[in-house]
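All chains are named by letter (A, B, ...) in the order of the sequence lines, taking the proteins before the strands, and each is independently numbered beginning at 1.
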Protein chains: 2
Amino acid sequence: MAADRVTTYDVAKAAGVSQPTVSRVFSRSTSVDPAKVERVRAVARELGYIPNLVARSLNSGHSFRIGIVLAYLKNGFFGEALQDFSKALNKQGYSVTVYFAGNSSDDIDGIIDDLLADQVDGIVLASISLSNALVTRVRKSGIPCVLFNRGQSDPDVSMVTASNFMGGKQATEFLIKAGHMRIAHLAGWRKALNGVDRRDGFLAAMEEAGLEPLACIDCHFRRTVAMVETRKLFHQKVVPDALFVANDHMAFGVLEVLREELGLRVPQDVSVIGYDDAPMADWKTFDLTTVRQPLPQMIDATATMLLSEIADPSRASEKIEIPGELIVRGSARMPAGVTRMTAKP
Amino acid sequence: MAADRVTTYDVAKAAGVSQPTVSRVFSRSTSVDPAKVERVRAVARELGYIPNLVARSLNSGHSFRIGIVLAYLKNGFFGEALQDFSKALNKQGYSVTVYFAGNSSDDIDGIIDDLLADQVDGIVLASISLSNALVTRVRKSGIPCVLFNRGQSDPDVSMVTASNFMGGKQATEFLIKAGHMRIAHLAGWRKALNGVDRRDGFLAAMEEAGLEPLACIDCHFRRTVAMVETRKLFHQKVVPDALFVANDHMAFGVLEVLREELGLRVPQDVSVIGYDDAPMADWKTFDLTTVRQPLPQMIDATATMLLSEIADPSRASEKIEIPGELIVRGSARMPAGVTRMTAKP
DNA sequence: ATTGGGATTGGGAGCGTCCCCATGCGCGAC
DNA sequence: GTCGCGCATGGGGACGCTCCCAATCCCAAT
């Protein structure tokens, strides 16, 4: 069925020009007689010629492909991220190939091999747990690389993160201003920098206000763990009057426990603040006050950064932290003077 | 920084063999002296040689890449699908490149060009609205292609779908057996075959039982639309005692309206059944009875089908429909003798 | 009319790999 | 001891394109 691939030679012959001329028409490297351009284009269209990117890659050294390494996609956040990435990079003529790494480092090692074999022009490492050895390996390969939403101590690697510290601090200050005194934090995962930073922001805000955290518990970003810990917290002598939860996903579980199991009213009895502004956060069922991850800006910064590194591989690494935004809804008591935000842009 | 790429020539020279021999070692096409194999492997490892897939593609005509075309990824369903696809295909030595098509057909036309230029070995068209002309174009290109979760009238194209008709019928029969008489359906989108099939399953079950549908409303798979329509339904003279909603996403919104706005109890006052078994469906907040999309089997079937078409492009197209499974939870009244399912596999 | 210069053009090599083919080598059989 | 036979090996040519460079052409200027 597959009519044999049409090549520049076929087009050249049919258009009465040389093969390099056809090539020039499609790569617009140097000028070609406008009349010929038109003729070549017409013939090409008629024959159904489409430039073979593989051949172009081989001798140009650019594959026009970007590899993006992800751990999971079940979480909607990364799906959205991937989609936006892809669109941003497609616009620049790149296509995006995905590589999934379970969090085992063997996987990741194999994936780096794949990335190298596939000759990608650039790599986005999104939220995977990675060893320094790994980052070193990628760097040594010389392929431009940006870490997305994943902190790393290595100073030589570019990265884009949300300002988790500030976000945690902001959320906590909001609770404090609203008059809460017994504030607990259901934290992320102590091995994930974003969780740690949110926690540190929480602790910093508490200390500045001269308050003692009622609790600060590692919940591994897992909803069920957060639910268990919430039950425990409310069976103690002194119970919290506010909870700062390290992500929305856990916060939804926490709300469920508070309302359905413990019969508490939110925010009258307990205030809850989450993190991420997941799409469900503004459903009336949850109506969750939360810190929004500035996803579009993060994507944008990452894509831009990666593309400039591809354009000039010698440029210094860069680290960008993008501030979050507190989205005020109904799950946390409001400090005087603050009003609810209505529309979600 | 980027040490120049190590090629088979470099390895050959360092190992004291010819370039073709190195090639043979890595493509294990014909036999090579075991001693040399080992030496070449050792040298390659030391030099950090990795076969260049681009060069291999150019020469062999196989890119070992699969293109998957998606409309959206915000919906968790496709994120999961993409991940599973990628894993299944990686296992067979393919990498997966994603292409996003908004639902405009211009987009899609451009994407086909990209797919052709990128020389993908196979295409998965996942849930995008596509014209017959488009499918024709893909077919004419000779690239193997499978439609995933998207029906199409064209008999010559392979596809894998969930059995939406049976699923809709099953859900409806469940409601009927539980004694409901005033059943309404909040449908998907009349231009999407999966929505239409679910609706037809609903109508078939009703007819078989000799019942008149109380309503059957196109909600475009949009949560907010479903919420509006729910309000309307319950402001009529005769109100439903059961709702079959065309996907979980809408069902969550419907539950919200029923409980929070209308003060109804589920399932005592109204039964609700959804479709998809989204991860949130088993949260206690929703506890939604729903029809599970048999995603793993669908992925599996699609990957297998695509790979066999790649292996033998002349093989006939195939259509597979995979039956769904009713997951019984607490949002719908239970017929006598039916018990709740507990574990989610 | 001749020449110089810029714009176009075609020839040819090469990107890294795999495949076809011919060579060479070793070993068993006569 | 010589002749095959077969397997391992290397040479050379593709794959489709881009790039370099030399050749050509046209036109203006001398």
Side-chain angles (χ1 to χ4, degrees), chain A residues 2-41 43-44 47-65 93 113 116-121 141, chain B residues 2-41 43-44 47-65 93 113 116-121 141:
Chain A
D4 285 71
R5 269 267 178 292
V6 181
T7 73
T8 43
Y9 280 97
D10 303 323
V11 176
K13 199 162 55 174
V17 299
S18 74
Q19 178 274 330
T21 299
V22 176
S23 168
R24 272 186 281 263
V25 168
F26 285 94
S27 56
R28 49 170 146 27
S29 46
T30 31
S31 53
V32 181
D33 177 14
K36 280 188 185 165
V37 170
E38 197 162 333
R39 182 146 43 99
V40 168
R41 288 224 127 93
V43 170
L47 264 49
Y49 168 76
I50 289 184
N52 182 329
L53 238 54
V54 170
R56 183 176 288 179
S57 300
L58 182 60
N59 65 9
S60 70
H62 299 299
S63 63
F64 296 99
R65 270 180 288 120
D113 284 350
L116 294 175
D118 285 350
Q119 308 283 111
V120 296
D121 287 343
S141 76
Chain B
D4 285 73
R5 271 269 177 292
V6 181
T7 73
T8 42
Y9 279 98
D10 303 323
V11 176
K13 199 162 56 174
V17 298
S18 75
Q19 179 275 328
T21 299
V22 177
S23 169
R24 271 187 281 262
V25 169
F26 284 94
S27 57
R28 51 169 140 23
S29 45
T30 31
S31 55
V32 181
D33 178 13
K36 279 189 185 165
V37 171
E38 197 162 333
R39 183 147 43 100
V40 168
R41 288 225 127 91
V43 170
L47 265 49
Y49 167 75
I50 289 183
N52 183 331
L53 238 54
V54 170
R56 184 177 287 179
S57 300
L58 179 59
N59 183 291
S60 69
H62 298 299
S63 64
F64 297 99
R65 270 179 289 119
D113 284 349
L116 293 175
D118 285 350
Q119 307 284 114
V120 295
D121 287 343
S141 76

> Take atom CZ of A/R24 and atom P of C/dG10, then tell me their distance rounded to the nearest Å.
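Taking CZ of A/R24 and P of C/dG10, I get 8 Å after rounding.
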> Which nucleotide in the set D/dG12, C/dG10, D/dC17 lies at the smallest distance from any side-chain heavy atom of A/S18?
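So the nucleotide nearest the side chain must be C/dG10.
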> Counting any heavy atom closer than 4.0 Å, what does B/T7 reach on the DNA or RNA strands: base, sugar-phosphate only, or nothing?
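The answer is sugar-phosphate, as B/T7 gets under 4.0 Å only of primed atoms, P, OP1 or OP2.
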> Tell me the closest heavy-atom pair linking B/T8 and B/S23, and the distance in Å.
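In this case the closest contact between B/T8 and B/S23 is CG2-N, 4.3 Å.
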> Tell me what B/T21 touches on the nucleic acid: a base, only sugar-phosphate, or nothing, going by heavy atoms under 4.0 Å.
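Since only primed, P, OP1 and OP2 atoms lie under 4.0 Å of B/T21, the category is sugar-phosphate.
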> Separation of B/L53 atom CG from D/dC15 atom C1', in whole Å?
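About 15 Å, once rounded to whole Å.
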> Once you round it to whole Å, what is the distance between P of C/dG16 and CZ of A/R56?
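Result: 18 Å.
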> Using heavy atoms to find the nearest nucleotide of DNA chain D for B/L58 and B/Q19 separately, return the residue whose nucleotide is more 5′.
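Taking each residue's closest nucleotide, the earlier one in sequence belongs to B/Q19.
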> What is the distance, rounded to the nearest whole Å, between atom CZ of A/F64 and atom C1' of D/dG16?
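Nearest whole value for this atom pair: 15 Å.
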> With a 3.5 Å limit on both atom pairs, tell me what D/dA22 is paired to, counting Watson-Crick and G-U wobble, or say none.
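Because both required distances fall under 3.5 Å, D/dA22 counts as paired with C/dT9.
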> Got A/Q119 and B/L53 here, is their nearest side-chain heavy-atom distance under 4.5 Å?
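No, every pair of side-chain atoms sits at 4.5 Å or beyond.
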> Would you say D/dC17 has OP1 or OP2 under 4.0 Å from some side-chain N or O of A/T8?
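Affirmative; the distance criterion is met.
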> Compute both the distance and the angle, then confirm whether A/R41 meets the cation-pi test with A/F26: under 6.0 Å from the six-membered ring centre, within 45 degrees of the axis.
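Geometry flag: set, cation within 6.0 Å and 45°.
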> Nearest whole angstrom, please: distance from the P of D/dG12 to the CG of B/N59.
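Rounding to the nearest Å, CG of B/N59 and P of D/dG12 are 18 Å apart.
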> With heavy atoms under 4.0 Å as the rule, sort A/F26 into base, sugar-phosphate or nothing.
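Since no nucleic acid heavy atom lies under 4.0 Å of A/F26, the category is nothing.
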> Expressed as a whole number of angstroms, how long is the span from B/H62:NE2 to D/dG16:P?
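Spelled out: NE2 on B/H62 to P on D/dG16 is 13 Å.
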> For A/Y9 and C/dG11, give me the distance from atom OH to atom C1', rounded to whole Å.
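After rounding, the reported distance stands at 9 Å.
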> Return the nearest nucleotide to the side chain of A/V17; candidates are D/dG10, D/dG16, C/dG10.
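It is C/dG10.
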> Roughly how many Å is it from CG in A/N52 to C1' in C/dC15, rounded to a whole number?
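Going from CG in A/N52 over to C1' in C/dC15 covers 13 Å.
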> Looking only at side-chain atoms of B/P20, point me to the closest of D/dG11, D/dG16, D/dT18.
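Shortest atom-to-atom distance from the side chain points to D/dG11.
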